[in-house]
2 protein chains.
Amino acid sequence: MVLTKWREKILKTIEESEKPLTADEIYMKNNFKPNFSTVYRALKFLENKNLIKSVSFDTGQKYFYSNKKHYHFLYCIKCGEIEVFNKCIATQLEEFINKNFNFKITDHVFYFKGLCKNCKEDEKK
Amino acid sequence: MVLTKWREKILKTIEESEKPLTADEIYMKNNFKPNFSTVYRALKFLENKNLIKSVSFDTGQKYFYSNKKHYHFLYCIKCGEIEVFNKCIATQLEEFINKNFNFKITDHVFYFKGLCKNCKEDEKK
DNA sequence: CCTCGTAATGCAAATGATTTGCATTTTCAA
DNA sequence: TTGAAAATGCAAATCATTTGCATTACGAGG
């Protein structure tokens, strides 16, 4: 169970991106290498090793991003655009959960749904 | 485009549940009626009409819940259990987004990932 | 340096959730 | 009452992801 060259390449692709990526975006960015199954297996591997995280929006597709980043998202429900921001207020809520629930928090996901600037404009027409 | 008896039944199922439900949970709760495609079409219809909302966790499966409820989630990454809570601190963040981004917020999704009480116990073994 | 076992990869087929095309049935306004 | 539009059922298709199996690469021990 090691960080092979492909896994390393995939991790690099993810870390260098300023947005979360889907499996096929990663596949394409690496010129369709390695094999698709290898991409998926690598993603699973990297996620288990806590090097990357994933989030899914409305589409049933997973988006992957580096664990080094603490992202939150603006997700456009019309065109699917994903914009990221970093400001986070989960800490207060975390205290609340720790106090009131028997649950061990390891991570959190937060995103706003709505309309991005383009789709917002479209609506006016 | 009306609220037919099946759509109404499905909406009722969702509203009466204290947890978000998947399409097949809804299907089962209604004794496998109506047809699966009708369930999916009804869910899409209800979501467009803003009567229900959906969220997806790690599995690529959608969970549906009533729009009347403002849920947030504790999602167990091991067994998939979903617990809900209502406390919300999104408002402050919302102000921040409105001030700094050109994005029209229509909704938000928040959940903690982690281990539920059972899985937390399992880990100790 | 060889070599053997384990882990990683490639390929094709399978899976699971969801969607779609099309034929049939229901609904409801004229 | 009737005819068009919408809703439903059924089966097949789709999309993202996973799996089985044969092949290849890698690393420790000889």
Side-chain angles (χ1 to χ4, degrees), chain A residues 1-14 17 19-49 51-65 73 75 77-82 109 113, chain B residues 1-14 17 19-49 51-65 75 77-80 82 109 113:
Chain A
M1 292 297 223
V2 288
L3 202 60
T4 62
K5 69 166 181 173
W6 288 129
R7 289 172 177 173
E8 203 145 11
K9 204 151 196 179
I10 286 168
L11 178 59
K12 199 152 169 273
T13 308
I14 293 170
S17 169
K19 292 196 168 203
L21 300 171
T22 61
D24 52 282
E25 283 169 342
I26 293 163
Y27 183 57
M28 289 193 303
K29 272 182 189 274
N30 282 299
N31 300 307
F32 308 95
K33 291 239 191 78
N35 187 281
F36 231 121
S37 352
T38 307
V39 172
Y40 275 107
R41 279 190 276 234
L43 290 170
K44 191 158 284 184
F45 172 87
L46 295 170
E47 197 165 6
N48 285 336
K49 287 269 180 288
L51 295 167
I52 61 172
K53 294 197 277 196
S54 68
V55 59
S56 55
F57 300 92
D58 281 354
T59 58
Q61 213 177 167
K62 277 189 183 178
Y63 286 78
F64 299 88
Y65 58 105
F73 312 93
Y75 171 70
I77 53 175
K78 201 167 167 197
C79 73
E81 204 214 45
I82 298 165
V109 171
K113 294 186 183 186
Chain B
M1 293 295 224
V2 289
L3 202 59
T4 61
K5 68 165 183 176
W6 287 131
R7 290 172 175 172
E8 203 146 11
K9 203 151 196 177
I10 285 169
L11 177 59
K12 198 152 171 272
T13 308
I14 292 170
S17 168
K19 292 195 170 203
L21 300 171
T22 61
D24 52 281
E25 282 168 343
I26 293 163
Y27 183 57
M28 290 194 302
K29 273 181 188 274
N30 283 296
N31 300 306
F32 309 95
K33 290 241 192 76
N35 188 281
F36 231 122
S37 351
T38 307
V39 172
Y40 275 107
R41 280 189 277 233
L43 290 169
K44 191 158 283 181
F45 172 87
L46 295 169
E47 198 166 6
N48 285 336
K49 286 271 181 286
L51 295 167
I52 61 172
K53 295 197 278 195
S54 69
V55 58
S56 55
F57 299 93
D58 280 355
T59 57
Q61 213 177 167
K62 276 189 183 179
Y63 285 79
F64 299 87
Y65 58 104
Y75 172 70
I77 54 176
K78 199 165 168 197
C79 73
I82 299 164
V109 171
K113 293 186 183 186

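Since this is a predicted model, take the numbers as computed values, not measurements. Letters A, B, ... mirror the listed sequences (proteins, then strands); counts begin at 1.
Taking atom OH on B/Tyr27 and atom C1' on D/dT8, their separation rounds to 13 Å, with Å as the unit. Taking atom CD1 of residue A/Ile26 and atom C1' of nucleotide D/dT17, one finds them 13 Å apart after rounding to whole Å. Between the P atom of D/dA6 and the CG atom of B/Leu3 lies a distance of 16 Å, rounded to the nearest Å. Atom-to-atom, CH2 of A/Trp6 to P of C/dC11 comes out at 11 Å; the value is rounded to the nearest Å. If you take CG of B/Asp58 and P of D/dT18, they are 11 Å apart, rounded to a whole angstrom. For the pair B/Leu11 CG and D/dA7 P, the interatomic distance rounds to 15 Å; values are reported in whole Å. For the pair A/Asn30 CG and C/dT9 P, the interatomic distance rounds to 13 Å; values are reported in whole Å.
Applying the side-chain contact (heavy atoms from CB on, under 4.5 Å) criterion to A/Lys19, with sequence neighbours excluded, gives A/Ser17, A/Glu81. Partners of B/Thr4 under the side-chain hydrogen bond (donor to acceptor under 3.5 Å, both in side chains) rule, at least two apart in sequence or in another chain, do not exist in this structure. Residues satisfying the ring pair (Phe, Tyr, Trp, His ring centres under 6.0 Å) test with A/Phe36, not counting sequence neighbours, are A/Tyr27, A/Tyr40. Take A/Glu47 and apply the side-chain contact (heavy atoms from CB on, under 4.5 Å) test, not counting sequence neighbours, and it matches A/Ile52, A/Ser54, A/Lys62, A/Phe64. Looking at residues two or more places apart in sequence or on another chain, you find a salt bridge (charged side-chain N to carboxylate O under 4.0 Å, His left out) between B/Lys53 and B/Asp107. With sequence neighbours excluded, the residues forming a side-chain contact (heavy atoms from CB on, under 4.5 Å) with B/Asn35 are B/Ser37, B/Thr38, listed by chain and number. Legend: residues meeting ring pair (Phe, Tyr, Trp, His ring centres under 6.0 Å) with B/Tyr65, ordered by chain and number and at least two apart, are B/Tyr71, B/Phe73.
For D/dC10, the OP1/OP2 oxygens have a side-chain nitrogen or oxygen of B/Asn35 closer than 4.0 Å.
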**Nucleotide-resolved protein contact map, nucleotides 24-30 of chain C, B/S/- at heavy-atom distance under 4.0 Å** = -------

**Fill in**
Protein-proximity profile, nucleotides 18-23 of chain C, B/S/- by nucleotide at the 4.0 Å heavy-atom cutoff, equals BBBB--

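Between the side chain of B/Arg7 and the backbone N or O of B/Val2 there is at least one donor-acceptor pair closer than 3.5 Å.
No side-chain heavy atom of A/Asn30 sits less than 4.5 Å from a side-chain heavy atom of A/Trp6.
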